[in-house]
Amino acid sequence: MHKTKVFDRFTLYGNVQEEMPHGMPVPKGKPVVTSGFFDSSHSSCFITRWSTTCYLMFVNKTPIKWFSKRQNCVETSTYGSEMVAGRIAVDAAVELRYNLRMFGAPVKDRTTLFGDDKSMVTNAS
């Protein structure tokens with residue numbers, strides 16, 4: 001049986017605080033929690049062998065933002081296409097958190113992203 005080692009945020013990143021842009025409005029209301037899922041389909045196009053990336057972002061269990069598009073590069077492995085999908089999902093999560101803060105919504109804790117490729121998730125964290 002394979003055991004997975006679990007780390008909390010402090011063990012991995014230390015006491016990291018997000019840098020807030022100048023002029024950020026004062027948060028009001030109940031805090032929101034953000035999460036998301038991402039995946040890629042390696043070589044889904046049979047002619048060009050390009051991969052497809054998709055992600056789905058949630059705010060308090062409500063789907064807010066979704067995306068599905070062919071990747072701009074050809075990857076030689078599933079691992080590479082999953083890394084590209086993960087990078088795109090992280091960029092979308094950062095953008096979503098920024099937009100929520102600029103609307104004045106307090107964002108609670110960190111954004112949790114879920115991916116289906118264990119080797120990519122392990123090496124990226």
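Worth knowing before you read on, the calculation uses all heavy atoms, side chains too, and leaves out hydrogens, waters and symmetry mates.
- Ile88 and Leu96 fall within the same hydrophobic cluster, where Ile, Leu, Val, Met, Phe, Trp and Tyr residues are linked whenever their side-chain heavy atoms come under 4.5 Å apart, directly or through other members.
- By the salt bridge (charged side-chain N to carboxylate O under 4.0 Å, His left out) test, Asp116 is found to be paired with no residue, residues two or more places apart in sequence or in another chain being considered.
- Here the options are Glu82, Arg87, Met57, the test is side-chain contact (heavy atoms from CB on, under 4.5 Å), and the partner is Phe38; only Glu82 passes.
- Residues passing the side chain to side chain donor-acceptor pair (under 3.5 Å) test with Thr111, sequence neighbours excluded: Thr34, Arg97.
- Atoms OG and CZ, from Ser35 and Phe114 in turn, are 6.0 Å apart once rounded to the nearest 0.5 Å.
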Hey, can you pull the donor-acceptor pairs under 3.5 Å for the side chains in residues 58-65, sequence neighbours left out?
residue: Asn60; atom: OD1; partner: Val33; partner atom: N; Å: 2.9
residue: Lys65; atom: NZ; partner: Glu95; partner atom: OE1; Å: 3.0
residue: Lys65; atom: NZ; partner: Glu95; partner atom: OE2; Å: 3.2

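- Counting heavy atoms from C-beta on, the side chains of Thr53 and Arg70 never come closer than 4.5 Å.
- In this view, Lys108 satisfies the salt bridge (charged side-chain N to carboxylate O under 4.0 Å, His left out) rule with no residue, not counting sequence neighbours.
- In the hydrophobic clustering, Phe103 connects to no other residue, as no ILVMFWY side-chain heavy atoms lie under 4.5 Å from its own.
- Residues Phe37 and Val90 fall into different hydrophobic clusters, defined by Ile, Leu, Val, Met, Phe, Trp and Tyr side chains chained together at heavy-atom separations under 4.5 Å.
- Listed by chain and number, the residues in a ring-ring contact (aromatic ring centres under 6.0 Å, His included) with Tyr55 are Phe67 (sequence neighbours excluded).
- Side-chain contact between Arg101 and Pro27 is absent, with no heavy atoms from C-beta onward closer than 4.5 Å.
- Residue Met102 comes nearest to Pro25 through the heavy atom pair O-CG, 3.4 Å, listed as atom of the first residue, atom of the second, then distance.
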